[in-house]
Each structure stands twice: as structure tokens, then as C-alpha cells.
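Here, residue 1 is the first one in the sequence, and each next residue gets the next number.
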Amino acid sequence: MHYEIQHYTLIDGWINTWAYAEGDGVMHPETFATADEAQAALDEFFEDLEEEVQAGQSGPYSRDEFRVRHVPGTATAAQPDAVGGAP
């Protein structure tokens with residue numbers, strides 16, 4: 001099973017706006033192997049965002065704008081390790 005973090009947008013509704021770059025700079029949608037992994041990434045995002053809001057670098061977001069959803073038939077993003085190889 002694969003999961004993604006979806007953000008509600010006015011134009012497209014619920015979509016996965018999270019992405020990562022391959023070593024060659026190509027962006028790919030980010031997915032997670034478990035709902036817990038996706039939720040942990042979302043929680044970390046909001047922790048980082050709170051620091052940016054406190055520093056005046058960003059406006060606040062509502063957690064209601066984000067959700068974790070199961071996405072059937074998608075491959076989980078294999079993040080490269082520090083030297084660029086597969087984990």
C-alpha cells in the first residue's frame with residue numbers, strides 16, 4: 001500500500017504537491033510506504049512551518065488543508081542516500 005500527502009487547492013481540489021528531486025534534477029511525486037510515515041513527514045512539515053511563521057518568513061497554513069491518503073497502484077519513492085545511491 002502506498003500513501004501520499006495531499007494539499008487542498010482551489011483549482012484542482014485534493015492533489016499531491018509534495019515532490020523530491022532525483023540526482024539529475026528531475027522532480028517526482030513523493031509517496032510513502034505507510035500512513036504513519038506520511039503522517040510523520042506532515043508533522044515535521046508543520047514543525048518547520050511554525051518556525052518559519054515565527055520568524056516572519058511564511059504565513060500560517062491550516063492542518064485542514066492537508067491529508068494523508070492511500071493511493072492504489074503507485075510506487076513508493078525510493079529516496080537516494082547521502083552518496084546518491086538507492087537506500
Side-chain angles (χ1 to χ4, degrees):
M1 299 179 80
H2 304 285
Y3 297 84
E4 65 184 17
I5 296 170
Q6 297 178 345
H7 184 202
Y8 187 79
T9 65
L10 293 176
I11 302 295
D12 297 315
W14 291 103
I15 59 171
N16 181 2
T17 59
W18 287 43
Y20 69 97
E22 285 287 344
D24 59 4
V26 175
M27 299 299 289
H28 297 276
E30 186 167 14
T31 59
F32 302 87
T34 68
D36 288 340
E37 287 178 18
Q39 187 61 54
L42 186 56
D43 292 343
E44 182 179 354
F45 168 77
F46 272 99
E47 289 170 10
D48 293 344
L49 181 62
E50 181 59 30
E51 292 175 11
E52 292 175 12
V53 169
Q54 295 299 320
Q57 299 170 343
S58 177
Y61 281 85
S62 170
R63 282 189 173 263
D64 293 340
E65 295 178 47
F66 296 87
R67 67 183 186 181
V68 172
R69 285 293 182 258
H70 172 252
V71 182
T74 58
T76 301
Q79 300 292 334
D81 65 17
V83 294

Nearest heavy atoms of Tyr20 and Pro29, plus distance in Å: CE2-O, 3.7 Å
Nearest atoms (heavy-atom pairs only) where Ala35 meets Tyr3: N-CD1, 3.3 Å
Heavy-atom neighbours of Phe46 CZ exceed 12 at 6.0 Å: yes
Taking every non-hydrogen atom, the tightest pair across Val68 and Ala38: CG1-CB, 3.7 Å
Ala41: partners by side chain to side chain contact (heavy atoms under 4.5 Å, CB included), with sequence neighbours left out: Ile5, Trp18, Phe32
Residue list, side-chain hydrogen bond (donor to acceptor under 3.5 Å, both in side chains) with His28, at least two apart or on another chain: none
By salt bridge (charged side-chain N to carboxylate O under 4.0 Å, His left out) - contacts of Asp43 (at least two apart): Arg63
Heavy-atom pair of closest approach, residues Asp24 and Val26: OD1-N, 3.1 Å
All side-chain hydrogen bond (donor to acceptor under 3.5 Å, both in side chains) counterparts of Arg67, not counting sequence neighbours: Gln6
OG1 on Thr17 to CD on Glu30, rounded to 0.5 Å: 10.5 Å
Whether His7 and Phe66 hold their rings parallel, tilted or perpendicular, with breakpoints at 30° and 60°: parallel
Asp64: partners by side chain to side chain contact (heavy atoms under 4.5 Å, CB included), with sequence neighbours left out: Ser62
Contacts of type side chain to side chain contact (heavy atoms under 4.5 Å, CB included), residue Gln57, not counting sequence neighbours: Glu52, Ala55
Any residue meeting ring pair (Phe, Tyr, Trp, His ring centres under 6.0 Å) with Tyr8, in chain and number order, not counting sequence neighbours: Trp14
Test side-chain hydrogen bond (donor to acceptor under 3.5 Å, both in side chains) applied to Glu47 - qualifying residues, sequence neighbours left out: none
Leu49 versus Ser58, closest heavy-atom pair with distance: CD1-OG, 3.5 Å
Side chain to side chain contact (heavy atoms under 4.5 Å, CB included) partners for Ala19, two or more places apart: Met27
